[in-house]
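Just so you know, residue 1 is the first one in the sequence shown, and it goes up from there.
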Amino acid sequence: MMNRDDALLKKTIILVTCTFFLWGMSYGLLDVLNKHFQQAMQLSKADSGWLQTAYFLAYFVIAIPAALFNERFGYKRGLIAGLCFFAAGALLFIPSLLNASFLAFVLSLFVLACGSGFLETTANPYISLLGDENRSERRLNMAQAFCGLGTVVGPLIGGAFFFKLGNSAPSGAQHDMVMQVYVWIAAFVALLALAIARTPMPDVGRYEAIDREEGRPLIRNGRFVFGVLAQFLYVAAQVGIGAFFINYAMESGMRLNAQSAAWLLSLAMMLFMAGRFVGTFAIGRLSAGRLLMLFAFADILLSLVVVAMGGAIAVGALTLMFFFMSIMFPTIFSLAIKGLERQTKRASSILAMSVSGGAVYPYLMGYVSDHYGTSLAYAIPLASFIVIFLYSVYLEKERTAQVVVGSI
């Protein structure tokens, strides 16, 4: 029979996991918004890339304030604060779109993304600390699987509503559909914030009960520093790949329109979600570092196909890349903060800042795409996967050394 503490822990994990779904859905919608504004406002690919730039720049801005807030007020209030930012940004879409101002929309999106960044800075370490440290990678991968579910739902919603009226409809009418979607999202966020506020949540301070001065400084921790670089480049790659997925699919010669390409992006996100469930299962049988190595190597090969080929084969490779990207964020995150104890909140905030990598590739890839073709732009994320592969090799060497030392 489940005791009261176990029931409380289970309820907490469910509510925190809902926030993972929320920011996953927000990210899934972002890639469709990119194409929506290209059509509705006749923006270039480089200019529409400012959506991703603003979204992920917000992570850099909000991460440290969020960590300081969590340090003083705890993870529960951190979740509520993040949800408030998120809802405010969603509601600011209304005046921005009524005035058909792309700049105002980008600023509104920045506010929403601050909420998303606040939630990630809070929820990622919180879910890692809610239980046995040895199972933290599996627990975070499982929670991130529901983030993956959100990235599936996002393109489905965007494909169903953002392009519903077709290219010939006035931009104002097309924007009305976007506003409706985000009003409903704001309502969902408000209900989730209320549920969290009314639920007692466990204090995980006991998992960090060592003196602040103990342990190596973070800057001298190779696993952590290399992890920050790998995370920065991973997020940059994921965001860039998603941002121009619809463009690549439409230019592949398969005669896809924007809505059909959005459905295909949703399929890619389904593979992304499936990969996280598979990864959660596989980590129980392979070391997390070794699994990361295999998935990074697969994405290196698939990236080469996307750059060098065209047509259905290349689109299929691009779609499959999402499956192998799936475990990278939670695995890098949990391995980078593992064993940091009292430094976990500080380290988590720096890792959350590394998500700002998503602000780098969209404009860069958009520029290359506008001038040299979308296929060539996908050579940029290839470099990220090479670095992630090298990080996984580093982790495996470190793990092997620890096993050897432990056996002496």
* To do: I would like to know whether Tyr182 and Leu91 meet side-chain contact (heavy atoms from CB on, under 4.5 Å); could you show each step before the answer?
  => CA-CA 7 Å; Tyr182 279 94; Leu91 292 175; over 6 Å; no

* To do: Flag the pair Tyr361 / Ile241 as yes when at least one side-chain heavy-atom distance between them is below 4.5 Å, and no otherwise.
  => no

* Asked: Under 6.0 Å between the ring centres of Phe323 and Phe272?
  -> no

* **Nearest-0.5 Å distance, CZ of residue Arg276 to CE of residue Met328** => 11.0 Å

* Ile388 versus Met293: any side-chain heavy-atom pair under 4.5 Å? -> no

* **Exercise: identify the closest heavy-atom pair between Thr374 and Ser369** => OG1-OG, 2.7 Å

* Structure fact -> Smallest heavy-atom separation, Val189 atom then Ala87 atom, equals CG1-CB, 3.9 Å

* Determine which pairs satisfy salt bridge (charged side-chain N to carboxylate O under 4.0 Å, His left out) with at least one residue from residues 290-314, sequence neighbours left out, and list them in order. => Arg290-Glu396

* With a cut-off of 6.0 Å (strictly less than), are more than 12 heavy atoms of other residues, nucleotides or ligands near CZ of Phe60? -> no

* **Phe295, Phe232, Phe224, Phe226 screened by ring pair (Phe, Tyr, Trp, His ring centres under 6.0 Å) with Tyr391, the one that passes** => Phe226

* Ser354 (side chain) donor-acceptor with Leu351 (main chain) under 3.5 angstrom -> yes

* Decide yes or no for Leu291 and Thr331: does some side-chain heavy atom of the first lie under 4.5 Å from some side-chain heavy atom of the second? => no

* Structure fact -> Closest heavy-atom pair, Thr17 versus Ile13, reported as atoms and distance to 0.1 Å, is OG1-O, 2.6 Å

* **Sequence-distant partners of Ser392, side chain to side chain donor-acceptor pair (under 3.5 Å), two or more places apart** => none

* Passing option when Leu382 is tested against Leu304, Val307, Leu301 for side-chain contact (heavy atoms from CB on, under 4.5 Å) -> Leu304

* To do: Measure the CD1-OH distance between Ile196 and Tyr75 for me, rounded to the nearest 0.5 Å.
  => 15.0 Å

* Hey, is CD1 on Ile313 packed in by over 12 heavy atoms from elsewhere, all under 6.0 Å? -> no

* Asked: Do other residues, nucleotides or ligands put more than 12 heavy atoms under 6.0 Å from Phe73 CZ?
  -> yes

* Close side-chain approach of Met273 to Cys147, heavy-atom, < 4.5 Å -> no

* **For the student: nearest non-hydrogen atoms of Met179 and Ile94, plus distance** => SD-O, 3.5 Å

* To do: Please round to the nearest 0.5 Å and tell me the distance separating atom CG of Leu119 and atom OG of Ser26.
  => 10.0 Å

* 4.5 Å side-chain heavy-atom contact, Ser96 and Leu107 -> no

* Classify the ring geometry between Phe389 and Phe297 as parallel (under 30°), tilted (30 to 60°) or perpendicular (over 60°). => tilted

* Interatomic spacing from CE in Met365 to CG in Leu376 - rounded to 0.5 Å -> 10.0 Å

* Asked: Is the backbone N or O of Ala104 less than 3.5 Å from a side-chain atom of Ser108, with the two atoms forming a donor-acceptor pair by type?
  -> yes

* Asked: Looking only at heavy atoms, which two atoms of Ile327 and Gly279 are closest? And how far apart?
  -> CG2-CA, 3.7 Å

* Atom pair CD/OG of Gln238 and Ser326 - distance to nearest 0.5 Å -> 9.5 Å

* Inter-residue atom distance Cys114.SG - Leu109.CG, 0.5 Å rounding -> 10.0 Å

* Would you confirm whether Asn221, through its side chain, and Arg223, through its main-chain N or O, come within 3.5 Å as a donor-acceptor pair? => yes

* To do: Using modelled atom types only, decide if a donor and an acceptor are shared between the side chain of Tyr248 and the backbone of Tyr378 within a distance under 3.5 Å.
  => no

* **Any side-chain heavy-atom pair of Leu271 and Met321 under 4.5 Å** => no

* **By side chain to side chain donor-acceptor pair (under 3.5 Å) - contacts of Ser375 (at least two apart)** => none

* **Lys76 side-chain N/O to Ala197 backbone N/O, donor-acceptor pair under 3.5 Å** => yes

* On the 0 to 90° scale, with breaks at 30° and 60°, tag the Phe105-Phe93 ring pair as parallel, tilted or perpendicular. => tilted

* **Audit row: Ile337, Phe333, side-chain contact (heavy atoms from CB on, under 4.5 Å) steps and yes/no** => CA-CA 6 Å; Ile337 68 170; Phe333 189 98; 3.6 Å; yes

* Full working for side-chain contact (heavy atoms from CB on, under 4.5 Å) between Leu22 and Leu83 -> CA-CA 10 Å; Leu22 180 63; Leu83 291 168; 3.6 Å; yes

* Asked: Can you check side-chain contact (heavy atoms from CB on, under 4.5 Å) on Leu264 and Leu267, steps first, answer last?
  -> CA-CA 5 Å; Leu264 189 59; Leu267 173 62; 4.0 Å; yes

* To do: Quick one: sort the Tyr55 and Tyr59 rings into parallel, tilted or perpendicular, breaks at 30° and 60°.
  => tilted

* Do Phe118 and Phe69 have ring centroids that are under 6.0 Å from one another? -> yes

* Asked: Could you walk me through whether Thr122 and Asn70 pass the side-chain hydrogen bond (donor to acceptor under 3.5 Å, both in side chains) check?
  -> CA-CA 7 Å; Thr122 306; Asn70 292 334; 3.0 Å; yes

* To do: Return the minimal non-hydrogen interatomic distance between Leu29 and Gly154, and the atom names on each side.
  => CD2-O, 3.3 Å

* Asked: So do the side chains of Leu149 and Met269 get within less than 4.5 Å of each other, counting heavy atoms only?
  -> no

* Minimum side-chain heavy-atom gap Phe20-Asn124 below 4.5 Å -> yes

* **Mutual orientation of the aromatic rings belonging to Phe329 and Tyr234 [parallel < 30°, tilted 30-60°, perpendicular > 60°]** => tilted

